[in-house]
Structure formats: C-alpha cells, structure tokens
Amino acid sequence: MNCEQQKYIGWEAVQTPIPRLRIGTDEGEHFLIPWHMISLIKADLSLKMVELHTVSGLLFSIVSRESLQSLLSHLQVECVRAVFPADGVKIELRTPEVSGISE
C-alpha cells in the first residue's frame with residue numbers, strides 16, 4: 001500500500017485509502033475510527049466547518065478559519081490519515097443533542 005503522506009494545517013492525507021481515521025480533539029483525546037463506522041460527513045456552506053458523525057453516536061466538529069474543501073475532498077475518498085487541532089483548526093467531540101441533531 002502506498003502510504004505517502006501530504007501534510008496540511010490540521011490534517012494529513014495519503015495517496016490511497018486507509019482502513020482507519022485518527023482524530024485528535026482540543027481536549028487531548030485521541031480516537032482511531034474505522035471508516036465503516038463513519039455514518040455521515042456534513043459541511044456548512046462556507047466549508048469552514050465539517051462534522052463527522054459515527055454509528056456509535058460520536059460527533060466530531062472540525063472548525064477552521066480557512067476553507068476545509070481539500071479536507072472534505074480527501075474524506076470523500078477515505079484518504080485522510082489523521083485530523084488534529086492546529087493553529088486555526090479546532091476539533092471538538094460533541095453529542096448529537098448538543099448540536100441540535102436528534103437521531
């Protein structure tokens with residue numbers, strides 16, 4: 001498998017799909033989530049916020065000062081290795097009830 005990485009502010013991409021996504025939060029928590037556990041990827045119109053919903057009810061909110069279009073494109077083809085907090089990129093673990101989404 002080709003695991004050549006490309007680093008961006010707040011995330012890393014790979015050339016070929018990988019089986020899991022690593023997510024780090026602002027609180028210092030780290031999650032390793034298999035792609036088949038991601039049930040929904042949602043972005044706002046400005047593409048400065050992306051939400052990752054999991055089948056187990058976890059909700060990760062990624063907010064950036066810059067557009068997350070490139071991250072969203074790589075998420076669509078499962079070629080993101082890791083997402084982590086960085087300058088201008090905030091990642092929070094939220095519950096669906098807090099975000100106004102009920103399942």
Side-chain angles (χ1 to χ4, degrees):
M1 174 169 30
N2 180 357
C3 288
E4 183 179 328
Q5 295 180 20
Q6 297 173 323
K7 293 188 179 190
Y8 299 88
I9 296 175
W11 64 284
E12 296 175 5
V14 291
Q15 296 295 317
T16 57
I18 57 174
R20 290 173 204 82
L21 171 63
R22 186 177 132 234
I23 301 175
T25 67
D26 291 342
E27 293 80 28
E29 298 173 297
H30 295 274
F31 298 85
L32 191 59
I33 301 172
W35 281 105
H36 69 272
M37 297 296 287
I38 305 241
S39 59
L40 175 69
I41 298 173
K42 178 181 169 185
D44 70 350
L45 290 175
S46 69
L47 297 175
K48 292 184 179 181
M49 185 199 60
V50 172
E51 290 182 345
L52 301 173
H53 299 253
T54 69
V55 295
S56 59
L58 297 176
L59 170 85
F60 296 93
S61 177
I62 305 164
V63 180
S64 176
R65 290 186 291 224
E66 305 295 325
S67 172
L68 294 169
Q69 173 64 49
S70 186
L71 171 62
L72 188 59
S73 296
H74 282 79
L75 286 168
Q76 289 176 326
V77 293
E78 299 178 1
C79 286
V80 176
R81 179 182 174 275
V83 181
F84 45 85
D87 185 33
V89 179
K90 184 175 182 177
I91 302 173
E92 293 181 334
L93 172 62
R94 303 187 323 187
T95 60
E97 297 77 30
V98 172
S99 69
I101 298 172
S102 58
E103 295 186 13

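These numbers were taken from a predicted model, which means no experiment stands behind them. The figures here come from the full heavy-atom set of this structure, side chains too, leaving out hydrogens, waters and symmetry mates.
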_Heavy-atom donor-acceptor pair, Thr54 side chain to Leu58 backbone, under 3.5 Å_ = yes

*When clusters are formed by joining ILVMFWY residues with side-chain heavy atoms under 4.5 Å apart, either directly or through shared neighbours, do Leu68 and Ile38 land in the same one?*
yes

*What are the two closest heavy atoms between Pro85 and Gly24, and how far apart are they?*
CD-O, 3.3 Å

*Ile23 and Val14: same hydrophobic cluster, using ILVMFWY side-chain contacts below 4.5 Å?*
yes

_Any heavy-atom pair between the side chains of Leu93 and Phe31 that's under 4.5 Å?_
yes

_Within this structure, what is the OG-CD1 distance for the pair Ser70 and Ile9, rounded to the nearest 0.5 Å?_
11.5 Å

*Mind checking whether Phe84 and Val89 have side chains closer than 4.5 Å, heavy atoms only?*
no

*Could you check if a side-chain atom of Tyr8 sits within less than 4.5 angstrom of a side-chain atom of Val83, using non-hydrogen atoms only?*
no

*For Glu92, which residues count as a salt bridge (charged side-chain N to carboxylate O under 4.0 Å, His left out) partner, sequence neighbours excluded?*
Lys90

*Side chains of Arg22 and Arg81 in contact at under 4.5 Å (non-hydrogen atoms)*: yes

*Determine, using the 4.5 Å side-chain heavy-atom cutoff (strictly less than), whether Leu47 and Ile91 are members of one ILVMFWY cluster.*
yes

*Applying the 4.5 Å side-chain criterion to the ILVMFWY set and letting contacts propagate, would Val80 and Leu72 be lumped into a single cluster?*
yes

*Do the non-hydrogen side-chain atoms of Trp11 and Ile62 ever get within less than 4.5 Å of each other?*
no

*asked:* For Glu51, is there an ion pair with Arg94 - N to carboxylate O distance below 4.0 angstrom?
replied: yes

*Distance from Met37 atom CE to His53 atom NE2, nearest 0.5 Å?*
14.5 Å

*Looking only at heavy atoms, which two atoms of Arg20 and Pro34 are closest? And how far apart?*
CG-CA, 3.9 Å

_Shortest non-hydrogen contact from Cys79 toward Pro17_ = SG-N, 3.5 Å

*CD (Glu66) with more than 12 external heavy atoms under 6.0 Å*: no

*So do Ile33 and Leu52 actually touch side chain to side chain, heavy atoms under 4.5 Å?*
no

*side-chain contact (heavy atoms from CB on, under 4.5 Å) evaluation trace for His36 with Val55*: CA-CA 9 Å; His36 69 272; Val55 295; over 6 Å; no

